[in-house]
Amino acid sequence: MSTPSKTSRPPRPPSARLEAGGGPGPLAVHPKVFRDELAAAAEWVAGYLGQITERPVARPIPSAHRQDLAAGVLPQEGQDLEALLDFVDRAIAPYPTGNGHPAFFAWINSPPSPAGVIAELLATAINATCGMGEHALMDLERGVVRELASLAGMAVTTGGVLTSGGSMANLLCLGAARTWFLRCHDATDGPAYDRTHARLTAYHSDQAHMSVAKAAAVIGLPPWRLRTVPTTSDQRMDVEALQAMVEADRARGLLPFCVVSNLGSTAGGAVDPIEAITRVCRSQGLWHHGDGAWGGLGALVPELAPLYQGVADLDSLTVDPHKTLSVPVGCGAALVTDPARLRDAFAFRASYLDGDQDWPWMSDYTIELTRPGTRALTLWATLRQLGRSGVTDLLQHYQDLARYLRGRVQQHPTMELCNEGPLPVVCFRLADGPGTGLPDTRADLHTAVAARVQARGHAYLATVCHNGETVLRACLCNYLTTTADVDTLLQEVQSAVDHLRTA
Ligand SMILES: *Cc1c(COP(=O)(O)O)cnc(C)c1O
């Protein structure tokens with residue numbers, strides 16, 4: 001750490017009150033101090049990310065430290081800027097979830113792209129509020145949204161907004177679907193609204209992400225009006241069942257308005273039959289939303305592309321650049337084929353905000369008003385670092401790693417593969433029988449093995465419920481991961497089993 005202490009802040013008497021024109025406020029720092037601290041932070045960032053493999057993948061937070069962090073007691077006096085980096089280095093960085101490390105396989109959490117890390121800092125300095133007025137970063141957001149839509153294979157008309165993540169994107173798209181449906185039925189107001197809204201019914205599969213249920217709840221759908229469609233043995237939505245459920249609901253006087261399909265289910269990586277679901281939606285007057293938070297860009301990968309036929313006919317799609325693209329966390333996207341439908345749902349006027357009708361403000365397309373420009377710049381920077389072919393290569397890299405892991409599991413004498421993806425998530429179970437000193441049930445064994453692997457710090461994986469059974473699950477979404485890291489994971493699983501047996 002860099003700067004001489006005590007010089008970083010002009011001395012300030014307790015409870016200083018500014019005289020008129022009496023100088024800068026309490027957040028101002030000397031330009032040299034600011035530059036030195038920024039340089040020190042940049043040095044630290046390069047070291048932290050550069051040496052990530054030399055540290056444990058994850059480390060439990062001591063409970064006293066947890067309590068300290070969560071205590072929430074602000075000292076009366078402010079501190080020097082240099083204390084910030086010291087604090088991060090000592091109190092935060094040693095306790096990651098692990099998602100920067102190439103042997104981290106739990107959940108769909110990727111490390112930040114180098115371009116994204118730099119862009120985040122730059123965008124923070126610019127500090128655009130990408131909700132209202134004019135700002136170059138707001139125009140850049142329109143551009144990167146179109147780039148994402150094009151990568152996903154959506155229609156050229158597609159627009160939308162960047163969001164905090166996939167959950168928020170699902171919420172916006174369900175909100176837009178609801179408003180669209182009410183408009184189609186001339187039911188945006190009064191008794192017609194009450195009658196219609198009370199009968200709205202949506203559909204998702206038993207593999208859908210829980211954020212879909214949250215979104216449905218937030219737009220006012222009771223849980224029993226979000227129907228769960230069963231899946232076939234490959235975890236894809238059973239389209240005949242969907243069709244039958246929609247018809248039965250309609251016959252009962254309900255109003256089916258939206259189907260949410262999975263473009264990459266979270267637990268097992270399945271892609272729903274997009275075209276067949278769209279046919280049901282078109283014949284029944286429903287909105288088809290694709291939840292591609294994780295797998296929304298699969299159309300770019302030749303081996304996945306056939307499953308993504310029909311993406312251009314979706315009404316909306318969620319994509320999470322902070323998952324597969326390694327854009328720093330806090331970047332999702334709601335892509336809507338007819339963006340005016342987002343505006344119909346979310347453009348509200350106020351006298352203190354007078355929007356531009358030719359270039360509608362981004363806040364007209366979402367529920368956020370003051371919005372960060374970091375999303376647009378980090379996504380743009382990451383896409384520029386990759387280029388179109390780099391995006392494909394990155395996604396292919398994850399497919400290749402998953403294929404390698406599946407092969408290793410299949411060759412292993414005491415491991416069994418549970419799913420086939422096709423997205424890069426590998427669910428597997430241990431075939432070691434109970435008894436022999438191991439936990440009594442397979443579920444307990446898998447839970448204990450995951451906990452042991454996590455505690456040792458050489459690799460990290462989690463469990464998931466697959467066909468009603470708790471199994472081990474490894475996601476491939478770190479651009480630094482190599483086949484050697486995959487080997488490490490399996491060695492760690494094996495040594496966890498050995499440890500449990502002898503413990
Ligand atoms: C991760 C995920 C989400 C939620 O996205 P967040 O960015 O975590 O809010 C939604 N749907 C699917 C399929 C996901 O995998």
Side-chain angles (χ1 to χ4, degrees), residues 97 99 104-112 116 148 152 160-175 177 202-219 226 228-229 231 235-237 258-272 274 277 288-299 304 307-308 311 314 316-335 366-368 372 374-375 378-379 382 395 398 402 419 421-427 462 464-466 473-478:
T97 317
N99 56 325
F104 177 87
F105 297 93
W107 315 305
I108 312 165
N109 293 344
S110 50
L148 262 191
V161 281
L162 300 180
T163 63
S164 58
S167 303
M168 182 60 84
N170 282 340
L171 173 59
L172 295 182
C173 292
L174 257 67
Y203 303 80
H204 69 349
S205 90
D206 58 22
Q207 295 301 310
H209 192 269
M210 56 78 181
S211 60
V212 177
K214 273 196 202 181
V218 172
I219 66 163
L226 174 64
T228 302
V229 182
T231 45
Q235 300 196 316
R236 304 173 80 200
M237 187 183 282
C258 179
V259 179
V260 178
S261 58
N262 271 317
L263 274 62
S265 64
T266 310
V271 179
D272 283 338
I274 299 171
I277 296 172
H288 187 182
H289 172 63
D291 183 358
W294 175 33
L297 303 183
L304 296 174
L307 288 168
Y308 285 77
V311 168
L314 290 171
S316 57
L317 177 68
T318 288
V319 177
D320 246 353
H322 67 199
K323 285 184 172 169
T324 43
L325 292 182
S326 271
V327 174
V329 162
C331 186
L335 308 176
T366 176
I367 55 181
E368 295 175 289
T374 48
R375 295 171 190 157
T378 53
L379 174 55
T382 304
L395 300 180
Y398 300 143
N419 77 328
L423 265 69
V425 58
V426 180
C427 302
V464 73
C465 179
H466 177 87
R473 169 172 174 268
C475 291
L476 290 303
C477 61
N478 184 320

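As the structure lists them, so they are numbered: ligands from 1, and atoms in each ligand from 1. For reference, positions follow the sequence shown, starting with 1.
Asp206 and Thr231 are linked by a side-chain donor-acceptor pair at a separation below 3.5 angstrom, with hydrogens and angles left out of the test.
In the vicinity of Ala293, heavy-atom distances shorter than 4.0 Å reach the ligand 1 atoms 2 (C), 3 (C), 10 (C), 11 (N), 12 (C), 14 (C). Within ligand 1, the atoms closer than 4.0 Å to a non-hydrogen atom of His209 are 1 (C), 2 (C), 3 (C), 4 (C), 10 (C), 11 (N), 12 (C), 13 (C), 14 (C), 15 (O), numbered from 1 in the order shown.
Looking only at heavy atoms of the protein, atom 14 (C) of ligand 1 is closest to Lys323 NZ, 2.9 Å. Looking from atom 6 (P) of ligand 1 to the surrounding protein, the closest heavy atom is Gly166 N, 3.3 Å. The single protein non-hydrogen atom nearest to atom 5 (O) of ligand 1 is Asp320 OD2, 3.1 Å, given as residue, atom name and distance. The closest protein non-hydrogen atom to atom 9 (O) of ligand 1 is Ser167 OG, 2.6 Å. Atom 13 (C) of ligand 1 has as its closest protein heavy atom Thr266 OG1, 3.2 Å.
Contact detail for Gly268 and Gln235: the closest heavy-atom pair is CA-OE1, 3.6 Å.
Contacts with ligand 1 closer than 4.0 Å are made by side-chain heavy atoms of His322 only, the backbone lying farther away.
Between Gly264 and ligand 1, a contact under 3.5 Å exists for no N or O pair. For ligand 1, the polar-atom distance check finds no N/O of Asn262 at less than 3.5 Å from any of the ligand's N/O atoms.
Of the inter-residue distances, the one linking Cys173 atom SG with Asp291 atom CG reads 9.0 Å to the nearest 0.5 angstrom. The distance from the OG1 atom of Thr266 to the CD1 atom of Ile108 is 5.0 Å, given to the nearest 0.5 Å.
Of the possible donor and acceptor atoms, none in the side chain of His289 sits under 3.5 Å from a partner among the backbone N and O of Val260.
For Ser211, the heavy-atom gap to ligand 1 drops under 4.0 angstrom.
Under the 4.5 Å side-chain criterion, counting only non-hydrogen atoms from C-beta, Phe105 is not in contact with Arg473. For the pair Met168/Ser211, no side-chain contact is recorded, criterion being any heavy-atom separation below 4.5 Å from C-beta on.
In this comparison of Asp291, Val260, Thr163, the heavy atom closest to atom 11 (N) of ligand 1 sits on Asp291.
The only member of Val229, Leu314, Asp272 that meets side chain to side chain contact (heavy atoms under 4.5 Å, CB included) when paired with Ile277 is Asp272.
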